[in-house]
Enquirer: 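Below you will find the structure I want to go over with you.
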Number of protein chains: 2
Amino acid sequence: MNNPARRQRPTIHDVARVAGVSRGTVSRVLNGGHHVSPAAAEAVNAAIRRTGYVVNRHARSLITGRSGSAAFLLTEPQERFFEDPNFNVLLRGCTQALAAHDIPLLLMIAGSRDEQRRIVRYVTAGHVDGVLLVSSHTGDPVAAQLARAGTPVVACGKPMDPRAGRLAHVAADDREGAREMVRHLLSAGRRRIATIAGPQDTPGGVDRLAGYREVLAEAGLPFEETLVETGDYGRAGGRACAERLLARHPDVDALFVASDLMARGALEALGDAGRSVPGDVAVGGFDDSSAALASAPALTTVRQPWDRISQEMVRVLLDRIAGEDTSAVILPTELVVRETA
Amino acid sequence: MNNPARRQRPTIHDVARVAGVSRGTVSRVLNGGHHVSPAAAEAVNAAIRRTGYVVNRHARSLITGRSGSAAFLLTEPQERFFEDPNFNVLLRGCTQALAAHDIPLLLMIAGSRDEQRRIVRYVTAGHVDGVLLVSSHTGDPVAAQLARAGTPVVACGKPMDPRAGRLAHVAADDREGAREMVRHLLSAGRRRIATIAGPQDTPGGVDRLAGYREVLAEAGLPFEETLVETGDYGRAGGRACAERLLARHPDVDALFVASDLMARGALEALGDAGRSVPGDVAVGGFDDSSAALASAPALTTVRQPWDRISQEMVRVLLDRIAGEDTSAVILPTELVVRETA
DNA sequence: CAGATTCATGTGAACGTGCACAGCCTGTAT
DNA sequence: ATACAGGCTGTGCACGTTCACATGAATCTG
């Protein structure tokens with residue numbers, strides 16, 4: 001009766017008035033409920049329900065200096081990620097894991113130099129509490145700038161740059177995954193095992209190749225440079241690599257390929273060369289993106305636990321925001337045996 | 001020298017002091033620069049550069065009531081979208097189109113009832129200025145609640161619900177796309193053209209079937225119910241539908257399939273039945289998700305302009321936020337002729 | 001030239017919340 | 001009975017910005 005007709009959203013004042021307590025008490029109930037009598041807490045909660053009050057995050061952020069939100073930042077040539085179905089699993093997993101903590105996720109794509117600048121400014125201005133970073137690049141400049149500004153950052157995948165050793169990250173155990181696959185090939189009786197490695201400026205590429213070499217060595221097989229080709233993770237590249245390998249070593253009986261896309265290309269090359277899979281040549285891939293690339297024959301591959309990776313990324317990020325210093329989490333991969341090996 | 005060692009982020013006060021003007025003037029420069037003399041504006045800009053000032057959005061939002069951010073909301077059984085590579089194009093397009101306006105994008109996934117509630121509360125609390133909605137569902141309850149609360153919402157794809165006529169949306173012209181494809185089949189001399197339609201509770205499913213019927217009628221061909229099967233947009237469904245069609249009408253010479261996934265399934269069925277494509281039977285798909293599903297033979301299909309759709313969604317949303325009432329945008333599709341038709 | 005109009009600028013008051021501090025009450029030990 | 005401790009509660013202030021209003025100067029109008 002004292003107000004104009006227009007109705008505003010209820011504030012903490014309204015709740016306090018309805019509950020018959022002070023703003024401070026309402027605020028305490030909202031943030032953990034310590035030092036509040038049960039009776040007051042109940043009255044406040046009832047008032048919140050009755051008024052339909054919901055906290056104004058802007059006002060809260062203004063005073064606390066924290067935003068209550070996190071960013072999912074993509075700095076890589078984005079195409080590779082947006083084409084990878086596993087990327088979606090990661091993005092969705094992070095979104096939902098954060099949602100469970102009532103933290104909204106901002107999606108940011110740093111393509112151009114200009115976008116990078118804008119994003120760094122936005123983040124370092126404190127409009128985001130932390131950053132989940134996806135970048136397979138060596139020594140990402142954006143990551144460095146954010147880290148320098150003190151923003152909690154958790155990367156997906158092992159950073160290549162040794163200087164970035166302090167960058168928190170969550171990754172699958174590429175090396176052990178590769179080892180498991182090569183052991184699987186060995187146990188199936190294969191002895192001439194070639195590999196199509198990933199780019200050697202990505203940690204995944206390096207570690208998967210390392211795993212391959214180690215297991216061969218442990219099995220007492222000689223390592224031959226000529227059994228190694230290096231591709232670009234893409235389908236066409238995989239095909240070309242396989243063709244070169246076949247030309248050089250017609251006697252190969254197994255192929256460990258560092259990505260499913262390349263493995264698909266290799267399968268095409270093998271088909272063209274008249275080899276049967278897995279009869280003549282066994283093929284093992286990596287990534288388990290095959291679900292989307294599904295076509296016969298079903299690819300045996302190494303699955304990275306993307307759902308768990310996303311959960312751990314969020315956990316580590318929240319830890320870092322809270323001031324704890326969890327640094328690196330390495331998660332086990334899983335060998336998925338299908339038809340090709 | 002008057003401060004403790006700790007250095008704060010520069011505020012609008014600092015800029016004003018450095019520039020030798022008042023806060024109000026700085027604020028005016030920041031928001032459009034009207035009613036500011038060129039000299040003052042230049043001084044302010046110089047001060048901003050010197051101090052490294054960046055606006056505190058929380059403080060701004062607190063007073064303006066607007067957040068300067070938008071949400072990308074997914075309410076559908078999410079799997080279908082996350083598996084569709086076109087979805088990524090849409091998501092990326094929206095992110096970048098908004099970034100050009102310096103508006104960050106929040107990704108929200110409304111899976112459970114509980115998540116829906118949380119999201120509605122968050123959005124209606126004014127923490128987001130507008131919502132880009134992806135939902136092929138009939139009469140989405142979340143959309144209805146948001147619209148009722150007055151939040152600007154722009155949907156992707158035509159809403160099914162007639163009540164939702166007022167819901168702004170951007171969609172490809174499914175009907176015309178279907179018409180074009182069927183005309184293409186006719187012009188290649190096909191006369192027994194069957195169709196595998198999409199679910200008839202989705203607008204796309206309805207419109208694509210309507211386009212098919214119209215063109216047949218215009219060509220003077222009789223419409224036969226038995227030439228229509230209805231699938232679920234999925235691969236297995238497409239295969240089953242094709243098998244039933246072939247059993248019923250061994251003489252079909254063309255198949256218009258309402259999704260590429262179903263078309264892939266249909267190709268398998270045709271292969272099993274010993275029909276050559278496009279020799280015996282021409283196949284036309286829809287969606288152009290084939291890029292990711294690539295395998296021989298390359299699918300002739302109808303491409304929806306997802307990049308333009310995302311741009312238009314953002315444009316319409318910004319219009320709505322600004323108070324204008326752009327309601328619906330329909331964009332033309334593009335026939336992509338490859339090998340199967 | 002008086003009055004009206006426009007424009008550039010400064011000033012105070014919010015916006016809604018969390019936090020520090022002070023005061024209150026109750027119970028217990030001296 | 002008094003002092004003290006400790007938990008509960010209320011109050012003022014600050015956060016950084018925008019907006020409405022006031023002021024003074026400059027320009028226009030007849």
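Note that the structure is predicted; figures quoted are calculated from it, not measured. So you know, we letter chains A, B, ... as the sequences are listed, proteins then strands, and number each from 1.
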Enquirer: With sequence neighbours left out, what residues match A:Y122 under ring-ring contact (aromatic ring centres under 6.0 Å, His included)?
Expert: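 If we apply the ring-ring contact (aromatic ring centres under 6.0 Å, His included) test to A:Y122, skipping adjacent residues, the hits are A:H127.
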Enquirer: Classify B:H58 by what it touches in the nucleic acid, base, sugar-phosphate, or nothing, heavy-atom distance under 4.0 Å.
Expert: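 Contact class for B:H58: none.
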Enquirer: Find the distance between CH2 (B:W306) and CG (B:L331) and round it off to the nearest 0.5 Å.
Expert: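 These two atoms lie 10.5 Å from each other.
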Enquirer: Test: ring pair (Phe, Tyr, Trp, His ring centres under 6.0 Å). Region: residues 30-56 of chain A. Which pairs qualify, not counting sequence neighbours?
Expert: none
Enquirer: Indicate yes or no for a side-chain donor-acceptor contact from B:S69 to the backbone of B:P104 under 3.5 Å, with no hydrogens or angles considered.
Expert: no
Enquirer: When you check the gap from the basic side-chain N to the acidic O, do A:R121 and A:E115 get nearer than 4.0 Å?
Expert: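 Salt bridge between A:R121 and A:E115, a charged N being under 4.0 Å from a carboxylate O: no.
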Enquirer: Say you draw a straight line from CD1 of A:I109 to OG1 of B:T95; how long is it, rounded to the nearest 0.5 Å?
Expert: 4.5 Å
Enquirer: Could you tell me from which nucleotide to which nucleotide of DNA chain D, 5' to 3', there is an atom under 4.0 Å from chain B heavy atoms?
Expert: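 The protein-touched segment is D:dG16 to D:dT18.
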Enquirer: Atom OG1 in A:T75, atom CD1 in A:I119: separation rounded to 0.5 Å?
Expert: 9.0 Å
Enquirer: Checking A:D102 now: which residues fulfil salt bridge (charged side-chain N to carboxylate O under 4.0 Å, His left out) with it, not counting sequence neighbours?
Expert: A:R57
Enquirer: On DNA chain C, does the nearest nucleotide to B:S37 precede the nearest nucleotide to B:L62 from the 5' side, or the other way round? Give the residue.
Expert: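 First, find each residue's nearest nucleotide; the 5'-ward one identifies B:S37.
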Enquirer: Mind checking side-chain contact (heavy atoms from CB on, under 4.5 Å) for B:A143 and listing every partner two or more places apart, or none if nothing turns up?
Expert: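 side-chain contact (heavy atoms from CB on, under 4.5 Å) list for B:A143, sorted by chain: B:L133, B:D140.
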Enquirer: First and last nucleotide of DNA chain C touching chain A, 5' to 3', heavy-atom cut-off 4.0 Å?
Expert: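 Listed 5' to 3', the contact boundaries are C:dG16 to C:dG18.
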Enquirer: Any residue in residues 41-50 of chain A with a heavy atom nearer than 4.0 angstrom to DNA chain C? Just list them by number, or reply none.
Expert: none
Enquirer: Taking salt bridge (charged side-chain N to carboxylate O under 4.0 Å, His left out) as the definition, give me every residue that meets it alongside B:D307, ordered by chain and number, with sequence neighbours left out.
Expert: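 Salt bridge (charged side-chain N to carboxylate O under 4.0 Å, His left out) list for B:D307, sorted by chain: empty.
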Enquirer: Using the C1' atoms of the five pairs at each end, what is the angle between the end axes of the helix from C:dC1-D:dG30 to C:dT30-D:dA1, to 10°?
Expert: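 Answer rounded to 10°: the end axes differ by 40°.
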Enquirer: Quick check on DNA chain C: between B:I63 and A:N31, whose nearest nucleotide comes earlier from the 5' end?
Expert: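 Its nucleotide being nearer the 5' end, the pick is B:I63.
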Enquirer: Which residues within residues 20-29 of chain A lie with some heavy atom under 4.0 Å of an atom in DNA chain C?
Expert: A:R23, A:S27
Enquirer: Go through the structure and list residues passing side-chain contact (heavy atoms from CB on, under 4.5 Å) with B:S310, not counting sequence neighbours.
Expert: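 Residues passing side-chain contact (heavy atoms from CB on, under 4.5 Å) with B:S310: B:L90, B:C94.
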Enquirer: Around atom CZ of B:R66, are there more than 12 heavy atoms from other residues, nucleotides or ligands closer than 6.0 Å?
Expert: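 Atom CZ in B:R66 is not packed in, count stays at 12 or less.
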Enquirer: What's the separation between atom CG in A:L98 and atom NE2 in A:H101, rounded to the nearest 0.5 Å?
Expert: 7.5 Å
Enquirer: If you measure from OG1 on A:T151 to CD1 on A:I321, what distance do you get to the nearest 0.5 Å?
Expert: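 If we round to the nearest 0.5 Å, A:T151:OG1 and A:I321:CD1 are 10.0 Å apart.
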Enquirer: Taking salt bridge (charged side-chain N to carboxylate O under 4.0 Å, His left out) as the definition, give me every residue that meets it alongside B:D129, ordered by chain and number, with sequence neighbours left out.
Expert: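 Scan of B:D129 (salt bridge (charged side-chain N to carboxylate O under 4.0 Å, His left out), adjacent residues dropped) gives none.
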